[in-house]
Amino acid sequence: MSTRFEEFYRRSIEDREGFWAEQAQLIEWHRPPQQICDYGHPPFARWFAGGLTNLCHNAVDRHLAARAGQNALIAISTETGAEKAYSYQELHAEVNRMAAVLKALGVQKGDRVQIYMPMIAEAAFAMLACARLGAIHSVVFGGFASGALASRIDDAQPKVIVSADAGSRGGRVVAYKPLLDEALQLSAHRPAAVLIVDRGLAPAPMRAGRDHDWASLRALHMDAQVPCEWVDATHPSYTLYTSGTTGRPKGVQRDTGGYTVALAASMKHIFAAQPGQTFFCTSDIGWVVGHSYIIYAPLINGMATVLYEGLPVRPDAGTWWGIVEKYRVTHMFSAPTAIRVLKKHDAAHLHRHDLSSLKALWLAGEPLDEPTAAWISDAIGKPIIDNYWQTETGWPILTLCNGVEKQDTRFGSPGKAVYGYNVKLIDDATGQELTQANQKGVLAIEGPLPPGCMQTVWRDDERFVNTYWKSIPGRLIYSTFDWGIRDEDGYYFILGRTDDVINVAGHRLGTREIEESIAAHAQIAEVAVVGVADSLKGQVALAFAVVRDAALTDDAPARQALEAEIMKLVDSRLGAVARPSRVLFVAALPKTRSGKLLRRALQAVAEGRDPGDLSTMEDPAALAQVQQQL
Ligand code: AMP
């Protein structure tokens with residue numbers, strides 16, 4: 001006999017139309033969808049086409065009737081001490097003001113608006129205001145520096161960029177405006193306007209004619225009422241850049257209707273969340289988890305959502321848990337790295353707080369190791385639920401759907417395939433599906449991808465098809481680029497990436513991007529970056545560089561000076577998140593006779609493992625030297 005969940009899952013795959021037509025009723029439509037899933041042009045799926053809706057309407061306006069006075073957005077900064085809870089009514093007013101300001105700056109339906117901001121309420125207003133206008137937001141993580149920002153500006157071609165004078169991290173002010181100005185010097189594209197939220201943290205020189213002050217413009221639109229633009233379900237809501245194998249980030253493009261439905265359904269079936277409850281996701285709006293589970297999903301579900309600027313351990317390791325206690329947080333969502341940071345502190349900081357409101361803690365973004373899961377489960381006495389997904393999918397691919405049926409966690413596994421995802425394990429050499437338990441293969445998804453997943457790569461359909469759908473020989477199937485296995489009960493285990501993407505503290509980085517920024521140093525002839533295991537961050541980037549003039553690395557002080565220069569270069573181009581933990585100087589990189597870099601061997605040696613078969617290697621001395629450097 002099949003379980004309730006198995007039946008639910010089976011129906012989502014076998015009666016796709018019926019299943020998703022039902023889920024579509026979880027949101028409000030100005031006009032109902034005319035078609036549930038148009039898959040006439042694989043792999044492009046058009047969900048709920050012909051339906052008219054609006055993401056901001058579903059996240060904000062829709063709740064005014066029943067919960068205008070209830071908390072919607074709780075913005076807390078332990079960096080500045082600012083703390084303010086906005087009711088749905090207040091959030092509505094602020095979003096209308098922001099929408100009016102953006103409109104006055106020329107933003108219309110379909111225009112892009114880049115958002116480069118710290119974790120402050122205005123960032124949420126800006127995202128929601130874009131959705132209100134049918135404009136496409138493109139949030140760039142505040143930890144990225146000018147080079148990374150410039151390439152995203154050139155790709156998105158925003159009409160307006162919304163930013164701030166500064167963010168703050170660990171008590172240190174991080175100025176944003178100078179980085180933005182630098183990025184705008186580097187980029188070919190020029191936005192019509194820049195809107196700056198001045199927090200009074202750092203000087204933000206304004207450029208006349210281009211830069212505008214949010215507070216002054218807001219004051220002109222205090223009573224603004226900007227109607228929601230009804231857009232087709234397939235209208236893009238946002239793009240979000242993510243790293244892959246090449247140095248050029250991809251703009252993951254998401255629709256409107258499918259995304260709204262997918263998030264609403266996830267709150268019900270995965271998170272078992274009710275309107276009026278409180279969601280606290282500790283991610284950043286610069287990442288997909290922040291888009292889906294700080295901003296949109298909790299609001300679509302009529303909940304209060306916490307937007308937090310600060311570290312988990314400042315002023316002490318009790319800070320998050322004090323928020324849980326104060327706002328009666330019911331659902332918490334974080335990443336394993338953050339828990340590993342907490343784990344270095346006394347669990348007494350957590351025990352000080354009343355966590356009785358909390359139902360569970362969800363963790364995602366990187367593999368969850370057993371000691372970390374066990375420690376936090378012990379410390380808070382709540383279920384810990386792993387979930388696996390990607391920027392591309394927008395919501396979990398693998399987890400436990402406890403809203404459908406309570407399921408047991410299985411250690412080391414993020415769970416089973418989530419409804420809507422036709423997950424397969426594929427033999428990467430033959431393209432055959434692996435149907436037996438415990439066989440290792442590429443985790444792939446048979447099309448159509450469910451609602452909410454990426455529509456395409458922004459302005460590059462070909463790249464979407466070639467990158468994601470054609471990597472497995474002989475079949476059109478979506479590759480996650482992760483290795484996985486499945487046990488006899490349908491629980492999956494993730495075994496790492498199949499490509500050169502690395503995961504540092506839950507942040508996804510492309511080694512190519514880091515290599516390109518290091519190679520920009522005049523003294524570097526060649527460089528290879530690999531991800532190596534790290535007990536705190538999961539992985540860290542390690543760079544191996546060949547210098548043009550060997551004399552430059554003759555002695556330790558010279559090597560250290562060059563290493564420091566390279567780190568600074570990466571900081572200024574990509575941002576400190578991408579900075580390698582070390583740069584090691586070698587005479588040559590290990591390569592095959594055909595000149596292909598032996599990345600896996602390099603990584604294995606760096607992790608102290610056996611590099612495996614080296615018979616194709618050009619010069620075995622190169623690897624020996626790498627070993628010596630380590
Ligand atoms: P991102 O697009 O930044 O969310 O990164 C997605 C990648 O992070 C996935 O392809 C995996 O490699 C990794 N990842 C995300 N969540 C998990 C998880 N729960 N367990 C293991 N790896 C994960």
Side-chain angles (χ1 to χ4, degrees), residues 139-141 143-144 148 238-245 249-254 270 281-294 333-340 360-370 372-373 376 384-400 409-418 421 423 425 440-445 449 452-454 457 467-468 471 478-486 491-511 513 531 533-534 537-539 577-578:
V139 182
V140 178
F141 175 54
F144 281 132
Y238 68 78
T239 65
L240 181 59
Y241 288 84
T242 191
S243 303
T245 319
K250 293 182 284 275
V252 166
Q253 178 184 319
R254 192 110 48 225
I270 297 176
C281 171
T282 69
S283 181
D284 187 284
I285 49 150
W287 307 114
V288 68
V289 174
H291 281 64
S292 293
Y293 294 106
I294 296 176
F333 192 131
S334 190
T337 291
I339 305 302
R340 288 192 290 266
L361 168 66
W362 282 263
L363 297 173
E366 54 179 319
L368 173 61
D369 56 287
E370 175 152 26
T372 302
I376 188 66
I384 308 302
I385 305 173
D386 192 359
N387 57 120
Y388 159 88
W389 44 298
Q390 313 181 297
T391 305
E392 288 82 351
T393 66
W395 59 287
I397 303 168
L398 304 174
T399 189
L400 303 180
T409 47
R410 186 157 295 185
F411 205 77
S413 164
K416 300 181 184 180
V418 169
Y421 289 97
V423 177
L425 287 171
K440 177 178 169 181
V442 178
L443 196 92
I445 305 165
L449 294 178
C453 292
M454 78 187 291
V457 172
T467 305
Y468 294 104
S471 71
Y478 174 87
S479 175
T480 61
F481 297 102
D482 281 302
W483 296 111
I485 56 172
R486 180 183 52 233
Y491 284 82
Y492 285 82
F493 296 78
I494 301 297
L495 307 174
R497 296 281 302 191
T498 66
D499 59 6
D500 300 329
V501 164
I502 62 173
N503 194 316
V504 179
H507 301 333
R508 172 166 158 189
L509 301 167
T511 49
E513 276 173 277
D534 179 83
K537 297 180 171 179
Q539 275 188 313
V577 276

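Numbering starts at 1 and runs along the sequence shown. We count ligands from 1, going down the list as the structure has it; atoms in each ligand are counted the same way. Just so it is clear, the model here is predicted, and its values are computed rather than measured.
Residue contacts with ligand 1 include Asn503, since one or more of its heavy atoms lies under 4.0 Å from the ligand. The shell of residues lying under 4.0 angstrom from ligand 1, judged by heavy atoms, excludes Phe481.
For atom 1 (P) of ligand 1, the candidate residues are Ile397, Leu443, Thr480, Thr391; the nearest heavy-atom contact is made by Thr391. One option in Arg497, Glu366, Gln390 has a heavy atom closer to atom 18 (C) of ligand 1 than any other, and that option is Glu366. Taking each of Trp362, Tyr492, Trp389 in turn, the one with a heavy atom nearest to atom 6 (C) of ligand 1 proves to be Trp389.
We find that Arg410 and Glu370 are not joined by a salt bridge, their nearest charged nitrogen and carboxylate oxygen being 4.0 Å or further apart.
Regarding atom 16 (N) of ligand 1, its nearest protein heavy-atom neighbour is Gly365 N, 3.1 Å. Summary of contacts: the protein heavy atom closest to atom 3 (O) of ligand 1 is Arg508 CB, 3.2 Å.
Looking at Asp482 against ligand 1, only its side chain comes within 4.0 Å, counting heavy atoms.
Checking only distances, Leu363 never comes within under 3.5 Å of ligand 1, N or O to N or O.
Residues Gln390 and Thr480 bring no donor and acceptor atom of their side chains to less than 3.5 Å of each other.
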Between Arg340 and Glu366, is a salt bridge (charged side-chain N to carboxylate O under 4.0 Å, His left out) present by the stated rule, with each step listed? CA-CA 12 Å; Arg340 288 192 290 266; Glu366 54 179 319; 2.8 Å; yes

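Taken to the nearest 0.5 Å, the OG atom of Ser334 stands 4.5 Å off from the CD1 atom of Ile339.
Because its NZ or CZ atom is not both nearer than 6.0 Å to the ring centre of Phe481 and within 45° of the ring axis, Arg497 does not count as a cation-pi partner of that residue.
In summary, the atoms of ligand 1 found under 4.0 Å from a heavy atom of Asn387, numbered by their order in the structure, are 16 (N), 18 (C), 19 (N).
For Trp287 and Phe333, the gap between ring centers reaches or exceeds 6.0 Å. For Trp395 and Tyr421, the ring centers sit closer than 6.0 Å to each other.
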